[in-house]
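Report on one structure; see the data block that follows.
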Amino acid sequence: MTAPDPHTCGAAVDAAGFWVDDQGHRAFLRSDALRQLKFFEASLGETPGFQQLDMQGNQRPGDLQELHSTTRLVHCYALAEMIGLAGAGKMVEQGLAYLRDYHHDKVHGGYVWGLRGNQIADPRKLAYGHVFVLLAASTAKMAGHASADPLLSDVADVLTERFWEEEAGLFADEWSRDWSPFSTYRGMNANMHGVEALLAAYEATGQELFLHRAGRILDRFTVQIAPQEGWRLPEHYTENWQIDRAYSGDPMFRPAGTTPGHSLELGRLLLHHWDLTDRRDATAPKRARALIEQALTDAWMVGAKAEGYSIEGGLAYTLNVDGSIAMANRFWWPVTEAIGALATLIKLERRDENEHWYRRLWQFASARFVDHENGGWIPEIDPSGKPKMTIFEGKPDLYHSFQACLFPLAKTPVAHIRSVQALGRDFLASPI
């Protein structure tokens with residue numbers, strides 16, 4: 001097992017110990033979560049909605065505000081409000097108002113993808129964006145915002161009427177603004193985040209339909225598909241939900257091949273669903289572990305995989321169908337999702353090999369992605385480990401990295417919204 005990194009962990013731990021239990025590491029997690037929240041408070045400006053930020057936290061006026069960015073800020077600050085961050089409620093209310101008054105399409109219904117100020121810049125209706133509206137509304141409701149209730153009800157109806165395909169038990173992906181067909185594309189990513197949102201909606205409302213639909217999506221990908229694909233998850237599908245191995249689209253949201261970061265997320269979400277369904281499915285932990293461990297094995301950049309790189313470590317962004325590396329770009333978010341997945345596995349069963357991965361991930365994150373000076377995480381690094389910008393300008397949001405700090409701190413083995421609530425209203429407000 002690797003030696004503890006004092007900068008990341010705080011107090012050293014015994015070789016047999018686990019960082020999720022160590023008070024020094026937990027203090028680091030809470031401190032970094034607070035730094036991230038303070039950094040992204042600068043997103044709140046005088047104009048409606050939020051502003052995009054550069055690497056130092058300065059606003060970038062005029063940048064496109066996309067639906068997933070608005071909703072992720074609402075989700076994160078609602079979580080922060082639950083655990084005592086002063087002023088978090090103002091961020092939540094501003095985001096909810098922007099969703100209601102600007103992202104919401106008053107002519108055709110649903111929620112448009114992109115805005116500049118109060119003007120529609122990208123009118124598409126995407127399942128990926130709509131499930132994040134459901135997530136934001138659910139978390140805001142649980143944080144006590146009554147204005148989230150009509151939003152939750154509306155987006156749940158839109159998802160049912162426009163996106164849910166009952167026979168397949170999955171969400172379709174995209175429409176034009178007037179709900180005319182935009183493409184026949186079907187994808188795993190929107191459905192994976194759909195699971196996340198459906199589970200949050202179940203926690204917020206107790207409605208079994210949300211839990212049932214999440215289970216159908218998980219069964220399709222983790223029972224029917226992943227075991228046949230070497231525990232890798234194909235990203236892209238035809239209209240009839242056949243794997244489309246030749247597809248290549250948007251380099252960030254729809255790259256060719258498989259995306260190991262999504263396997264890490266779906267593995268954790270499978271455990272989340274298993275926990276919320278009273279752990280009835282005895283095979284779910286084994287499937288979750290297979291997804292998580294395969295992704296780490298395939299994507300961790302060491303040895304021949306890191307040829308041409310002056311530093312090793314980090315997770316490759318995409319893989320070919322055989323598990324070889326397709327795009328070696330090292331983004332922050334797959335590392336954060338690996339941290340959340342490993343923290344969950346460790347809390348369920350203390351295995352040394354999982355602790356080894358957990359420490360390795362945090363050591364790399366602390367050295368390369370965490371911005372200890374400004375707050376927030378650097379979104380991408382080059383082969384030498386320095387920040388670079390190929391897709392993002394500035395820091396896009398705090399959703400992945402904030403949850404990477406929060407989930408290991410949760411008191412229950414499987415972190416979900418109510419387990420975050422259980423940390424208490426003075427968790428962030430009290431001295432570290």
Side-chain angles (χ1 to χ4, degrees), residues 128 173 185-193 195 217-218 220-238 241-270 287-309 311-342 345 353-354 357 360-361 364-365 368-369 379-383 385 388 390-392 400 404:
Y128 183 87
D173 263 81
Y185 175 83
R186 300 292 187 270
M188 192 278 285
N189 192 14
N191 281 278
M192 183 266 294
H193 283 294
V195 171
I217 296 170
L218 287 165
R220 173 61 73 99
F221 287 108
T222 73
V223 176
Q224 298 179 36
I225 295 175
Q228 306 303 317
E229 297 292 325
W231 294 102
R232 304 177 184 101
L233 289 170
E235 288 281 323
H236 311 299
Y237 298 81
T238 68
W241 286 104
Q242 300 301 306
I243 297 170
D244 187 351
R245 300 186 193 278
Y247 181 90
S248 181
D250 182 283
M252 184 60 200
F253 292 109
R254 295 181 184 174
T258 72
T259 307
H262 290 161
S263 292
L264 297 164
E265 287 187 82
L266 199 69
R268 175 178 58 78
L269 291 167
L270 176 57
R287 299 199 310 275
R289 183 175 289 281
L291 285 170
I292 293 164
E293 291 180 349
Q294 189 65 56
L296 291 170
T297 300
D298 286 340
W300 188 254
M301 297 282 289
V302 292
K305 296 178 184 178
E307 186 176 346
Y309 285 70
I311 63 158
E312 295 188 338
L315 293 162
Y317 182 41
T318 66
L319 307 172
N320 298 308
V321 293
D322 63 357
S324 60
I325 290 174
M327 288 176 62
N329 302 57
R330 291 180 293 180
F331 295 109
W332 86 113
W333 73 263
V335 172
T336 68
E337 292 302 330
I339 286 168
L342 266 296
L345 292 179
E353 62 266 29
N354 293 149
W357 272 114
R360 174 189 285 174
L361 289 158
F364 189 84
R368 301 297 173 184
F369 289 121
E380 185 181 4
I381 57 172
D382 68 13
K388 68 178 292 191
T390 58
I391 294 177
F392 299 101
H400 291 285

Within this structure, what is the [atom1]-[atom2] distance for the pair [X] and [Y], rounded to the nearest 0.5 Å?
X      : Y      : atom1 : atom2 : result
Ile292 : Leu345 : CD1   : CG    : 4.0 Å
Met301 : Tyr309 : CE    : OH    : 4.0 Å
Met188 : Ile243 : CE    : CD1   : 11.5 Å
Arg186 : Thr238 : CZ    : OG1   : 8.5 Å
Thr259 : Leu319 : OG1   : CG    : 8.0 Å

Can you name the closest pair of heavy atoms from [X] and [Y] and give their distance?
X      : Y      : answer
Glu380 : Ile391 : OE1-N, 4.3 Å
Ala256 : Thr318 : O-CB, 3.9 Å
Leu270 : Ala288 : CD2-N, 3.6 Å
Leu291 : Ala226 : CD2-CB, 4.0 Å
Pro334 : Leu315 : O-CD1, 3.5 Å
Phe253 : Pro255 : C-CD, 3.4 Å

Would you say [X]'s side chain and [Y]'s backbone share a donor-acceptor pair under 3.5 angstrom?
X      : Y      : result
Asp173 : Gly187 : yes
Arg330 : Gly313 : yes
Asn320 : Asp322 : no

Fit a plane to each ring of [X] and [Y], take the angle between them on a 0 to 90° scale, and name the class: parallel (under 30°), tilted (30 to 60°) or perpendicular (over 60°).
X      : Y      : result
His193 : His400 : perpendicular
Trp300 : Phe364 : perpendicular
Tyr317 : Trp333 : perpendicular

Side-chain heavy-atom pair [X], [Y] within 4.5 angstrom cut-off:
X      : Y      : answer
Glu293 : Asn354 : yes
Leu218 : Leu266 : yes
Leu296 : Leu264 : yes
Tyr237 : Ile225 : yes
Trp231 : Arg287 : yes
Pro260 : Asp298 : no
Thr336 : Phe369 : no
Val195 : Glu265 : no

- Query: When you look at Arg220 and Asn191, which way does the side-chain contact (heavy atoms from CB on, under 4.5 Å) test go after all the steps?
  - Reply: CA-CA 10 Å; Arg220 173 61 73 99; Asn191 281 278; over 6 Å; no
- Message: Is it the case that atom CD in Glu307 sees more than 12 heavy atoms from other parts of the structure closer than 6.0 Å?
- Response: no
- Message: What I want to check is whether the side chains of Thr258 and Arg232 have a donor and an acceptor closer together than 3.5 Å.
- Response: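 No pair is found: no donor N or O on one side chain lies under 3.5 Å from an acceptor on the other.
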- Item | Flag for Gln294-Ser263: side-chain donor and acceptor within less than 3.5 Å | no
- Message: Tell me which one of Arg245, Arg254, His262 satisfies side chain to side chain donor-acceptor pair (under 3.5 Å) with Glu235.
- Response: His262
- Message: List the residues meeting salt bridge (Lys or Arg N to Asp or Glu O under 4.0 Å) with Glu312, not counting sequence neighbours, and say none if there are none.
- Response: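 With sequence neighbours excluded, Glu312 shows a salt bridge (Lys or Arg N to Asp or Glu O under 4.0 Å) to no residue whatsoever.
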